[in-house]
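Values reported hereafter were calculated over all heavy atoms of this structure, with side chains retained and with hydrogens, waters and symmetry mates removed.
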Amino acid sequence: MKRTLKIYNTLTGKKEAFQPIHEGHIGMYVCGPTVYNDVHLGNCRTFASFDMIYRYLLHLGYKVRYVRNITDVGHLTDDGEDRMAKGAKLARLEPMEVAQKYTVGFHDMMRIFNTLPPSIEPRATGHIPEQIEMVEDILARGLAYERNGSVYFNVPKFAETTPGVYGQLSGRVLDDLYSETRELKNQGEKEHPADFAIWMKARPEDIMVWKSPWSVGFPGWHLECSAMSTKYLGKTFDIHGGGNDLKFPHHENEVAQNHGACGCAPANYWMHTNMLLLNGKKMSKSDGNTISPLELFSGTSTHTSKSYSPMVVRFFMLMAHYRSTLDITDEALQAAEKGFKKLMEINKLVQNLPVDARNFDGSETNTDREMLALMETAFEGMDDDFNTAIAIASLNELGGYINKLVNKQIEASEVSPWVLEKTKVVFQTLIFDIFGLKDESDSGSDGGTVEGLMNLVLEFRANARAQKDWAASDKIRDSLQAIGIAVKDGKDGVSWTKQ
RNA sequence: GGUUUCCUGGCCGAGCGGUUAGGCACAGCUCUGCAAAAGCUGCUACAGCGGUUCGAAUCCGCUGGAAACCUCCA
């Protein structure tokens, strides 16, 4: 069956049927982090969202080149100083030392959240020649001008020569833009307040500087993404993504730069993930309204009552659509934790169900049809702009059938072997391949030691129970509970789970 | 001030003109030595006011509230 993937395109403000430029291949660029600080949870949501998107595209069979950059230069601080350099001075470290430290931290965090590494992870400082070239191209096409060693992009001229482009992505009206731009540094050098720097001449206090035809300086705020996406994905590629807060000016200016350099649009589909909220407000490094992932994992944040594991947090994010704001609260996290553990349990149950073809008479039962419909709904949800909430809901409903099968409330013959087989695959595929979750309750690489110990302990308990020695039986159960192992007495014997 | 978006049951959160989304919490029941787990049942909401329509949470208008962007930010 051929599915149609629909993607919400910020450029047009509509959901569109996705059509790659080259059949079977996708080029996707996502704006990565600026490595002058620890990643916070909001960053993680964006990268987890695009990880899910990347995984689903792979699942659909596309060959995806996923490029996500590391920004280690180029962002101005309030006082006009490069952010990387500022961090370096405070900590008395080399700028690249700071970048390296937080890059490593970022990678660690991405691994903890079980995100797949991008195909290419280019660094801004590693692409200075490409950026200088792009400035030259833009100058050559007459869409930028030099002032005292700095080069500025000429927005009014671009708007005039390429009508309808500037402002389209962020939905901005040019006249408003022209009249409302605030006073910024170096405003005096610009011909127009809406213009923006693509090359900045260094001042004596700047550390990270490079030689260029115009001055010793550094590239402008948005240039790196334009240069690197072009280099690795071509002038026009399929998907460009990033956080909602990058829409303007970052992405708008990126579009302008690419147009300015080559006369064509950079990406066909622009995707923007929405913000993670804390206390109803955007999480942000600069205003201190943040919760770090590590605080969440260790339970040391004042905003939460307990610790939450990385996969619980990832599941929590998946319960909402990537384009909706998501308010993080202790209660919501607790709900996610229970939901996540339940889903993991259900998956174990379904994977362990025996597939018995002997009594299969070849007909499709009502239960078959209901279960198949739910699986269909799950993937329809994913096809509809990556609606993970729908997919999870379907999985939960399927879980009801699994539980009833296990509890023998549904006859095994009610579910055809191939449907059961398919259910197993669907669970496995959605939970692990697409959602990118991991079962954290797995005892892991202890070589079955825990398993063996548990069998022994539960055997003792079974003996006690057989002799109606409830005191001993309950003592074992309570002690296990105390170390976080729940014992469940079912119809077909005892099972246990780590909590 | 400008632009845009959002406002769903105790909480989180789907929904894009006509079916109970789902999860968590809560209550009752079944199962159980007791519990837990699981199952079943109940809890049926769409900020307010108008309008369009046979029919609106879903479209339009107004009012109120919130948020994002306009300035580095995922």
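- Residue side chain A/W470 meets the stacking definition with respect to B/rG33: its ring centre sits within less than 5.5 angstrom of the base's six-membered ring centre, and the planes differ by less than 30 degrees.
- Across all strands shown, A/A332 has heavy atoms under 4.0 Å from sugar-phosphate atoms exclusively, and none from any base.
- Look at CG on A/N403: it is 18 Å from P on B/rC31, rounded to the nearest Å.
- Between the CG atom of A/N43 and the C1' atom of B/rC73 there is a distance of 8 Å, given to the nearest Å.
- With A/K190 contributing its side chain and A/D195 its backbone, the two residues share a donor-acceptor pair below 3.5 Å.
- At least one cation-pi condition fails for A/K424 and A/F427: the charged atom is not both under 6.0 angstrom from the six-membered ring centre and inside a 45 degree cone around its axis.
- Nucleic acid contact class of A/V39 (heavy atoms, under 4.0 Å, all strands): none.
- Residue A/H272 is classed as having no contact, given no heavy-atom separation below 4.0 Å to the nucleic acid.
- Base pairing of B/rG64 is made with B/rC7, judged by Watson-Crick or G-U wobble geometry with both donor-acceptor distances under 3.5 Å.
- Across all strands shown, B/rA25 forms no Watson-Crick or G-U wobble pair with both key distances under 3.5 Å.
- Residue A/L277 is out of contact with every strand shown, counting any heavy-atom pair closer than 4.0 Å.
- Here B/rA25 presents its C1' atom at 14 Å from CG of A/D330, a figure rounded to the nearest Å.
- Checked by distance alone, A/D489 brings no side-chain donor or acceptor within 3.5 Å of a matching partner on the base of B/rA36.
- Note on A/T34: a side-chain N or O is less than 4.0 Å away from OP1 or OP2 of B/rA74.
- A donor and an acceptor atom sit less than 3.5 Å apart, one in the side chain of A/R477 and one in the base of B/rA35.
- For the pair A/R461 and A/V487, the minimum side-chain heavy-atom distance is below 4.5 Å.
- The cationic group of A/R323 lies under 6.0 Å from the six-membered ring centre of A/Y8 and within 45° of the ring axis, placing it in a cation-pi geometry.
- Looking at heavy-atom distances under 4.0 Å, A/S495 makes no contact with the nucleic acid at all.
- Atom-to-atom, CD1 of A/I392 to C1' of B/rG15 comes out at 16 Å; the value is rounded to the nearest Å.
- Residue A/D327 is classed as a sugar-phosphate contact, given heavy-atom separations below 4.0 Å to backbone atoms only.
- Here A/G242 lies in heavy-atom contact (under 4.0 Å) with sugar-phosphate atoms only.
- A sub-4.0 Å separation between OP1 or OP2 of B/rC73 and a side-chain N or O of A/K282 is absent.
- Partner assigned to B/rU32 is none, using Watson-Crick or G-U wobble distances below 3.5 angstrom.
- The partner of B/rC69 is B/rG2, judged by Watson-Crick or G-U wobble contacts that both fall below 3.5 Å.
- Using a 4.0 Å heavy-atom distance criterion, A/M319 is classed as a sugar-phosphate-only contact.
- With rounding to whole Å, A/E331 atom CD is found 8 Å from B/rC11 atom P.
- At a threshold of 4.0 angstrom between heavy atoms, the contacts of A/G381 with the nucleic acid are absent.
- For A/S170 against B/rC69, no side-chain N or O and base N or O form a donor-acceptor pair under 3.5 Å.
- Counting to the nearest Å, the P atom of B/rC24 and the CD atom of A/E337 are 12 Å from each other.
- Between A/K281 and B/rA67 there is a side-chain N or O to OP1 or OP2 distance below 4.0 Å.
- For the pair A/K341 NZ and B/rG23 P, the computed distance is 18 Å after rounding to whole Å.
- Regarding A/I476, its CD1 atom lies at a distance of 19 Å from the P atom of B/rC34, rounded to whole Å.
- Note on ring orientation: taking the six-membered ring where Trp is involved, the planes of A/W270 and A/H251 are tilted (angle from 30° to 60°).
- Across all strands shown, B/rC59 forms a Watson-Crick or G-U wobble pair, both distances under 3.5 Å, with B/rG51.
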